[in-house]
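Below is one structure, written out as structure tokens, with a few remarks after it.
What you are looking at is a predicted structure, and each value in this text was computed from that prediction instead of being measured. In what follows, every chain begins at residue 1, and chains take the letters A, B, ... in the order their sequences are listed.
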2 protein chains.
Amino acid sequence: MDEDGSARPQTAVTADDVARRAGVSRWTVNRAFKKDASISARSREKVLSAAAELGYVPDLLAASLASSRSRLVALLIDDFANPHKLVMLERLTRILQHAGWDTLLVNMLSEDDGRDALMNASQRRVDAAILIGIQFDDKVLAAALGARRVRKLIIFARSSQNAETISIAVDDVAAMTEITSHVIDRGYARPMFLAGPQTYSAHLLRKETFVAQWTARVGRAPEVISVETYDPARAFDRVHQVLAPRNGRGLPDVLVCENDALAIGAIDAVRHKLGLRVPEDIAVTGFDDVPLASSPNYRLTTYRQPLTAMANRIVEILNEDREPGNHCDFLGQIVSRDSA
Amino acid sequence: MDEDGSARPQTAVTADDVARRAGVSRWTVNRAFKKDASISARSREKVLSAAAELGYVPDLLAASLASSRSRLVALLIDDFANPHKLVMLERLTRILQHAGWDTLLVNMLSEDDGRDALMNASQRRVDAAILIGIQFDDKVLAAALGARRVRKLIIFARSSQNAETISIAVDDVAAMTEITSHVIDRGYARPMFLAGPQTYSAHLLRKETFVAQWTARVGRAPEVISVETYDPARAFDRVHQVLAPRNGRGLPDVLVCENDALAIGAIDAVRHKLGLRVPEDIAVTGFDDVPLASSPNYRLTTYRQPLTAMANRIVEILNEDREPGNHCDFLGQIVSRDSA
DNA sequence: GCGCAATTTGCACGCGCGTGCAAGATCATT
DNA sequence: AATGATCTTGCACGCGCGTGCAAATTGCGC
């Protein structure tokens with residue numbers, strides 16, 4: 001919509017060009033683009049229209065270099081098999097963008113230990129790193145924080161005991177207590193817990209809570225099995241492997257899964273490998289409420305995390321100057337469907 | 001002017017610091033970090049060890065500013081309901097990272113028309129924008145290319161007729177021809193095609209190809225229905241809505257779906273709303289081979305795109321100086337499972 | 001109109017590194 | 001040992017904008 005006829009399509013138009021055209025100084029131009037800068041309405045108007053004519057937009061790269069603030073966060077993931085990650089990505093990027101933060105997506109699957117990924121992000125001067133994967137061990141955290149290359153390390157949807165990190169997660173104890181009650185109230189008596197990978201730094205308390213609650217209220221400890229990634233296919237294999245030999249004698253009557261990814265694989269195994277019905281023969285519960293959980297195939301009883309509120313908390317933390325308390329717990333809600 | 005003046009290990013150590021310690025000039029330091037720079041093995045060694053001691057890493061921000069090359073690409077998505085996107089994200093980021101490119105994830109769901117998203121990316125000086133969504137209409141493309149803010153516009157997994165863009169996609173005609181043959185060979189006679197959103201700029205030729213092929217080979221045109229997003233839930237509703245009234249009289253015997261997201265919703269509807277079996281009563285085919293397609297629940301006959309090769313092509317294009325031909329077709333392979 | 005305060009504007013300097021070239025060092029050859 | 005030829009190193013300048021302050025302008029009451 002704006003070609004002044006001069007043939008220079010490629011030229012990076014800078015604040016100086018706009019300044020010249022608007023008859024002000026370069027600094028006034030940049031002020032016009034700053035939200036709460038001290039500038040008169042008239043000059044801002046002049047500058048903005050001149051900028052529009054020239055097609056100028058401030059260069060965030062140069063701004064970042066000068067201010068050492070990039071409004072860029074790194075999002076580190078190592079868990080692409082879990083469909084919930086797509087939901088998280090959408091929610092996080094949308095809310096961060098809305099608040100003026102851009103997102104650098106870092107795939108940690110290919111890195112040996114995640115160190116490289118963090119290093120990489122730090123070279124871009126990200127203002128924070130958000131971890132939404134699982135394999136973040138203490139070495140990685142220590143490396144990141146020790147080198148002080150990343151100023152804020154936010155662990156999302158998992159709890160961290162590390163005092164240097166900020167973790168934003170649902171209250172696993174409250175959530176799992178609710179699920180335990182749900183299972184007990186429905187009259188299930190022989191539960192088996194299906195857990196995901198057990199990591200140190202970024203923890204989930206679901207297994208511990210379920211085991212403790214069940215033991216306390218029923219009087220005996222539940223069975224527990226686990227898989228090394230949140231992959232439905234892994235859960236499928238594991239459930240088949242564990243339950244098939246016991247088919248006909250002493251099967252559990254409910255599979256309590258650490259999340260929906262595992263629950264979906266578990267349901268498939270129960271139906272298609274054991275030839276049993278869900279929930280009539282074996283009930284299943286999940287966690288996360290992924291889109292597939294509401295499909296008529298699964299009708300999964302699960303627990304929904306308040307992702308929007310949690311993402312908004314990230315924005316608050318990013319906007320704060322000093323690091324706040326290192327832990328935020330949120331409460332979600334159980335979603336009761338047919339699977340349990 | 002930072003706060004507490006306490007001993008700060010962070011320091012933002014620069015090339016100058018390393019240079020001083022290594023007894024060379026700053027430029028030699030930066031050369032040590034450049035792959036094919038002219039530098040003697042001895043000085044590189046000196047520099048690297050000095051850098052290691054100080055914890056120095058080159059600042060990509062400053063490098064980008066100075067060289068006007070950021071090795072950063074924007075990945076624009078507006079289609080988070082389609083599980084295939086998670087697969088694409090993983091593959092693309094992994095391969096791009098491996099080749100030294102970082103990825104800025106831009107969520108276009110919240111933008112009015114995508115213009116803002118592109119503008120945003122351009123302010124970060126991305127070297128290219130990769131579109132893997134669907135709603136990119138000509139206005140957006142024109143805006144992006146007209147302003148020349150983005151030097152390379154790559155449309156991934158869709159075809160574009162726009163001469164200014166580069167599109168990397170599977171050969172829809174070849175793929176759909178293969179699927180059509182598969183369907184005909186299996187003896188199906190009353191197909192219905194389930195299409196996704198019809199966009200102008202970034203096109204899929206699947207529907208057109210199937211309709212043309214079927215008509216040519218069987219002698220009559222197949223039915224076609226469509227939904228406005230690649231969301232299994234939408235497909236579920238639509239299939240239910242269209243087929244339920246016809247249950248018992250004149251149902252199709254195969255649903256050919258534009259991709260797996262739609263196919264999965266379609267299967268659920270056939271089973272749980274129509275109470276019919278797949279494939280015995282109605283067969284279903286998809287496209288993409290998402291992880292769920294191999295689950296025992298769906299056993300979906302589908303078509304796998306060579307994502308790795310396609311992603312590698314992106315890397316090639318990014319590394320090239322001048323824009324190459326604007327269209328790359330790839331061949332995938334049909335994956336025959338039980339659903340058709 | 002005057003004086004003072006509040007607002008608005010301009011500016012020197014620096015953020016950390018790349019580019020292109022020229023000076024310096026090294027090596028093989030005669 | 002001298003001469004180029006080759007490899008290696010150093011450097012001035014600029015990328016586009018922020019910061020903090022000083023200078024210029026405006027507003028206001030009288």
Side-chain angles (χ1 to χ4, degrees), chain A residues 10-20 22-48 50-51 54-72 122-127 149 151 321, chain B residues 1-3 10-48 50-51 54-72 100 122-127 149 321:
Chain A
Q10 190 76 274
T11 54
V13 35
T14 85
D16 281 304
D17 302 325
V18 179
R20 219 166 297 124
V24 297
S25 73
R26 174 174 76 69
W27 293 270
T28 301
V29 170
N30 289 335
R31 267 193 274 264
F33 284 91
K34 245 187 107 180
K35 200 61 145 270
D36 43 345
S38 93
I39 182 176
S40 68
R42 212 183 45 215
S43 1
R44 170 168 273 152
E45 186 66 26
K46 261 194 308 187
V47 169
L48 289 185
L54 267 51
Y56 167 81
V57 277
D59 186 324
L60 287 182
L61 210 57
S64 301
L65 181 60
S67 71
S68 69
R69 217 100 55 78
S70 60
R71 291 198 80 81
L72 190 63
S122 77
Q123 288 183 255
R124 300 262 180 211
R125 294 234 199 153
V126 296
D127 288 336
R149 309 279 327 167
R151 3 163 89 117
D321 276 346
Chain B
M1 283 290 65
D2 304 327
E3 50 292 39
Q10 93 157 51
T11 75
V13 35
T14 85
D16 280 303
D17 302 326
V18 180
R20 217 166 299 123
R21 184 172 190 113
V24 297
S25 72
R26 175 175 74 69
W27 293 271
T28 300
V29 171
N30 289 336
R31 275 195 194 91
F33 284 91
K34 245 186 109 179
K35 201 62 145 270
D36 43 346
S38 89
I39 183 177
S40 68
R42 212 183 45 215
S43 358
R44 170 168 272 153
E45 187 64 29
K46 262 194 308 185
V47 169
L48 289 185
L54 266 50
Y56 167 81
V57 277
D59 186 323
L60 285 183
L61 211 56
S64 302
L65 181 60
S67 71
S68 69
R69 219 98 59 75
S70 60
R71 291 196 81 82
L72 191 61
S122 76
Q123 289 184 255
R124 301 261 180 211
R125 295 232 199 153
V126 295
D127 288 336
R149 308 280 326 169
D321 276 344

D:dC11 OP1/OP2 closer than 4.0 Å to side-chain N/O of B:Ser25: no
Please work out if B:Ile39 contacts a base, only the sugar-phosphate, or nothing of the nucleic acid, heavy-atom cut-off 4.0 Å. sugar-phosphate
If the condition is side chain to side chain contact (heavy atoms under 4.5 Å, CB included), which residues does B:Leu60 pass it with, not counting sequence neighbours? A:Gln123, A:Arg124
Can you pull the salt bridge (charged side-chain N to carboxylate O under 4.0 Å, His left out) pairs that have at least one residue in residues 58-71 of chain B, sequence neighbours excluded? A:Arg125-B:Asp59
In whole Å, what is the span from the CZ atom of B:Arg42 to the P atom of D:dT8? 11 Å
Nucleotide N/O of nucleotides 18-21 of chain C paired with protein N/O under 3.5 Å:
| unit_1 | atom_1 | unit_2 | atom_2 | d |
| --- | --- | --- | --- | --- |
| C:dG18 | OP2 | B:Asn30 | ND2 | 3.4 |
| C:dG18 | O6 | B:Arg26 | NH2 | 3.0 |
| C:dT19 | O4 | B:Trp27 | NE1 | 3.1 |

Between CG of B:Leu65 and P of C:dC15 the distance, given in whole Å, is 13 Å
Applying side chain to side chain donor-acceptor pair (under 3.5 Å), can you list everything that pairs with A:Ser40, at least two apart in sequence or on another chain? A:Ser43
Phosphate oxygens OP1/OP2 of C:dT9: is one of them under 4.0 Å from a side-chain N or O of A:Ser40? yes
Contact class for B:Arg44 vs. all strands (heavy atom < 4.0 Å): base, sugar-phosphate, or nothing? nothing
At less than 4.0 Å, is any side-chain N or O atom of B:Thr28 found next to OP1 or OP2 of D:dG10? Yes or no. yes
What pairs with B:Arg31 under side chain to side chain contact (heavy atoms under 4.5 Å, CB included), at least two apart in sequence or on another chain? B:Trp27, B:Thr28, B:Ala37, B:Ile39
Where the side chain of B:Arg44 meets the backbone of B:Ala32, is there a donor-acceptor pair that is under 3.5 Å apart? yes
Residues passing the side chain to side chain donor-acceptor pair (under 3.5 Å) test with B:Arg21, sequence neighbours excluded, are B:Glu53
Find which nucleotide of DNA chain D each of B:Arg125 and B:Val24 is nearest to by heavy atoms, and output the residue with the more 5' nucleotide. B:Val24
How close or far is atom C1' of C:dT9 from atom CG of A:Asp16, stated in whole angstroms? 15 Å
